[in-house]
Amino acid sequence: MKAGKRIIGQMSLAGLDEWSSVRAVKGADVFCNQGGKVRREWLSRCTEERALTKELMGKIVSPSNLVAALRQVVSNKGSAGIDGMSVEELRQWFSSHYHEFQSQIITGKYRVESVREVQIPKPNGGVRILGIPTAKDRLVQQAISQVLSLHYDPTFSDRSYGFRPDRGAHDALRQAGQEVSEGRDWIVDIDLEKFFDTVNHDRLMWLLGTRIGDKTLLKLIGKFLRAGMLKDGLVSQGVKGMPQGSPLSPLLSNIILDELDKELEVRGHRFVRYADDLIVMVKSEPSAKRVLSSLTAFIEQRMLLKVNKSKSKISRPYELNFLGHSILIEGRLGLSKTSEQRLKAKLKQLTQRNRGISLEQLVKELNPILRGWLNYFKNAQMIGRLKAIEGWLNRRIRCFRLKQCKRAFTMAKLLHRLGVPWNRSWATAGISKGWYRLSVTPAAHEAMNLKWFGTIGLYSLKENYVKHLKKPPSTTHVRWVV
DNA sequence: CACGTCTTGAC
RNA sequence: UUUGUCAAGACGUG
């Protein structure tokens with residue numbers, strides 16, 4: 001469903017009388033940069049479509065949709081909700097209770113259960129509250145999400161990038177960089193305060209009602225919104241907010257914030273939105289200030305959401321932290337300070353002294369992490385930063401290897417085996433100044449040099465980074481097929 | 001091209 | 001222990 005061909009909507013093409021199904025194909029050859037225009041034109045026609053009122057429930061409970069939803073929920077391998085049913089048990093349950101399940105949804109008899117509260121630490125240090133629905137409920141929500149997404153997503157703004165099929169953080173960053181390169185280098189950074197918790201139920205339900213005609217579906221979504229949170233035996237129900245951790249929440253958040261996109265569009269602003277992270281790019285400081293205050297008013301008064309005034313600010317591109325990146329004045333991307341710190345913290349943990357694992361196993365654990373990290377940040381301008389990070393990591397690995405020698409004798413043997421003369425091997429192995437001091441000693445550098453790092457097979461950030469730089473900038477082409 | 005396993009990142 | 005959506009990469013089975 002995700003890769004390759006997928007029917008994403010319907011349109012009437014110029015010159016054709018009948019409605020034709022349209023497919024978007026990734027990896028073909030036309031409309032690369034101009035594709036946005038074509039897409040936008042098509043989008044405005046899609047809003048006239050009234051299909052949302054018809055056959056929605058039928059699509060949701062159709063065998064193919066439910067099976068696809070089940071596959072997704074199972075492959076996520078998420079933990080059980082309040083009823084203790086695991087995703088593997090869900091698979092069993094689904095095949096035996098299929099028809100009963102289906103009719104419960106259609107008739108509106110389906111019971112939604114409370115969500116299980118789980119607290120997880122946020123990367124910045126705070127605590128994030130998750131509401132984990134039952135595996136069954138996750139299945140229903142996933143099924144709804146898949147169908148609603150087909151109808152809603154084509155009508156969303158071209159400048160909205162979060163949680164949407166065929167759009168990622170890289171696309172958002174590319175657009176932000178484009179705007180900055182055109183001289184819009186004053187950034188209005190809007191931070192919505194705990195967005196998921198402040199969503200107004202009545203307003204969301206009204207919004208959904210404008211496009212969804214099916215009352216039982218609306219009621220079902222309403223049940224999910226009002227599902228209580230179970231915390232040690234007590235259920236607490238809120239009149240606002242939606243559970244973070246339910247499959248429907250990302251789509252609903254886009255449905256709500258689409259209103260903001262539309263307002264920004266009629267005002268003619270250049271903006272990029274990724275979920276609740278919004279930046280507006282303007283050409284001067286005074287207009288940035290104007291935009292910040294007027295948007296704050298719009299969001300709080302019209303949309304009934306809250307703007308975090310201490311975190312919302314106007315900033316320059318190079319001091320920005322948008323999706324882990326900063327932006328340079330020419331519009332190219334940089335690596336944000338916090339992104340570097342997070343990587344180092346993670347590597348530090350993995351290369352810690354304790355772990356009774358072999359060097360081979362350490363490299364095996366390190367490589368996929370380094371590869372994955374670089375893959376996300378490869379578009380940033382960061383040769384110098386990578387050199388520093390890699391030098392730091394190599395020191396830690398030398399340290400790790402030396403620490404595996406419990407006795408001075410085994411260390412001297414190691415150094416000698418790696419090409420250091422016996423006398424110097426003995427001399428450095430005899431130093432009892434601590435592992436760090438030993439790791440920066442000339443003999444250690446000589447033994448564990450670049451060649452050695454090549455032989456242990458450690459993924460090199462710098463090497464692979466420059467390799468990616470040489471490659472063509474991988475443009476995503478979209479071809480329209482009728 | 002399809003289906004899996006794993007990793008990273010954004011929110 | 002930790003939910004969710006999305007994107008990207010690596011590997012594997014045909």
Side-chain angles (χ1 to χ4, degrees), chain A residues 1-5 25-27 68-69 71-82 87 115-124 127-135 137-139 141-142 144-146 148-149 152-153 156 160-174 176 191-192 194-196 224 227 229 242-255 257 272-278 321-325 335-336 338-339 342-343 346-347 350 364-380 459 461 464 467-468 471 474 476:
Chain A
M1 166 215 141
K2 48 184 56 177
K5 284 153 288 192
V25 182
K26 216 171 168 182
R71 187 206 288 137
Q72 173 74 3
V73 171
V74 169
S75 77
N76 279 346
K77 296 194 287 194
S79 64
I82 203 68
V87 289
V115 294
R116 182 164 62 91
E117 182 185 293
V118 166
Q119 311 221 1
I120 56 159
K122 279 195 285 190
N124 91 43
V127 176
R128 166 180 297 249
I129 312 273
L130 293 182
I132 300 173
T134 299
D137 287 343
R138 293 207 294 267
L139 173 60
Q141 292 194 49
Q142 179 64 30
I144 295 171
S145 173
Q146 284 168 357
L148 286 191
S149 177
Y152 272 98
D153 195 77
F156 286 155
S160 163
Y161 291 91
F163 306 139
R164 294 185 56 189
D166 299 331
R167 284 160 168 260
H170 287 109
D171 303 310
L173 285 162
R174 197 189 317 159
D191 182 88
L192 296 176
K194 41 189 175 46
F195 167 72
F196 278 91
F224 282 121
M229 182 106 86
M242 48 185 175
Q244 302 189 58
S246 80
L248 207 50
S249 294
L251 177 63
L252 293 181
S253 77
N254 272 337
I255 289 173
L257 292 173
V272 175
R273 184 173 70 78
Y274 193 99
D276 58 351
D277 206 343
L278 170 73
N321 183 2
F322 183 61
L323 307 179
H325 295 258
L335 178 65
S336 86
T338 53
S339 301
R342 276 183 205 169
L343 174 67
K346 189 158 201 169
L347 295 176
L350 280 167
K364 216 173 174 176
E365 284 177 24
L366 241 32
N367 281 356
I369 294 172
L370 293 168
R371 184 198 311 277
W373 186 89
L374 180 67
N375 181 249
Y376 180 72
F377 289 105
K378 65 182 174 216
N379 294 328
Y459 183 87
L461 288 176
N464 288 279
K467 209 181 283 179
H468 279 297
K471 284 185 178 176
S474 79
T476 57

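Lettering follows sequence order; numbering is per chain, from 1.
Counting any heavy atom pair closer than 4.0 Å across all strands shown, A:Ile120 reaches a base atom. Among the heavy atoms of the strands lying under 4.0 Å from A:Ile132 are primed sugar atoms or P, OP1, OP2 only; no base atom is included. At the heavy-atom level, A:Pro121 lies under 4.0 Å from base atoms of the strands shown. At the heavy-atom level, A:Asn367 lies nowhere under 4.0 Å from the strands shown. A:Lys364 comes within 4.0 angstrom of nothing in the nucleic acid, heavy atoms only.
With hydrogens and angles left out, the side-chain atoms of A:Arg116 and A:Ser79 include a donor and acceptor closer than 3.5 Å. Defined by atom type and a distance below 3.5 Å, a donor-acceptor pair is missing between the side-chain atoms of A:Gln119 and A:Arg128. A donor-acceptor contact under 3.5 angstrom links the side chains of A:Asn254 and A:Arg273, judged on distance only.
Comparing B:dC6 with C:U1, their P atoms are spaced 14 Å from each other, to the whole Å.
The minimum heavy-atom distance between A:Ser339 and A:Gly324, with the atom names listed, is OG-O, 2.8 Å. Contact between A:Ala135 and A:Val73 at its shortest, heavy atoms only, is O-CG1, 4.3 Å.
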Pairs under 3.5 angstrom, nitrogen or oxygen only, protein versus nucleotides 9-11 of chain B, please.
residue	atom	partner	partner atom	Å
B:dA10	OP1	A:Arg342	NH1	3.4
B:dA10	O4'	A:Tyr376	OH	3.4
B:dA10	N3	A:Tyr274	OH	2.9
B:dC11	O3'	A:Asp276	OD1	2.2

Output a table of nitrogen or oxygen pairs between the protein and nucleotides 10-14 of chain C separated by less than 3.5 Å.
none

Dot-bracket for RNA chain C: what is it, with Watson-Crick or G-U pairs under 3.5 Å, [ ] where a pair crosses earlier ones, and | for a pair to another strand? ...|||||||||||
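The side chain of A:Gln142 places an N or O atom within less than 4.0 Å of a non-bridging phosphate oxygen (OP1 or OP2) of C:U5. Residue A:Gln72 has a polar side-chain atom (N or O) positioned under 4.0 Å from OP1 or OP2 of C:C6. Taking only side-chain nitrogens and oxygens, A:Ser249 never comes nearer than 4.0 Å to OP1 or OP2 of C:G4. Close to B:dC6, at under 4.0 Å from its OP1 or OP2, lies a side-chain N or O of A:Lys77. The side chain of A:Ser246 places no N or O atom within less than 4.0 Å of a non-bridging phosphate oxygen (OP1 or OP2) of C:U3. Phosphate contact (OP1/OP2 of C:U3, side-chain N/O of A:Arg138, threshold under 4.0 Å): absent.
Rounding to the nearest 0.5 Å gives a distance of 10.5 Å between NZ of A:Lys467 and CG of A:Leu374.
Atoms CZ (A:Phe195) and P (C:U5) sit 17 Å apart, rounded to a whole Å.
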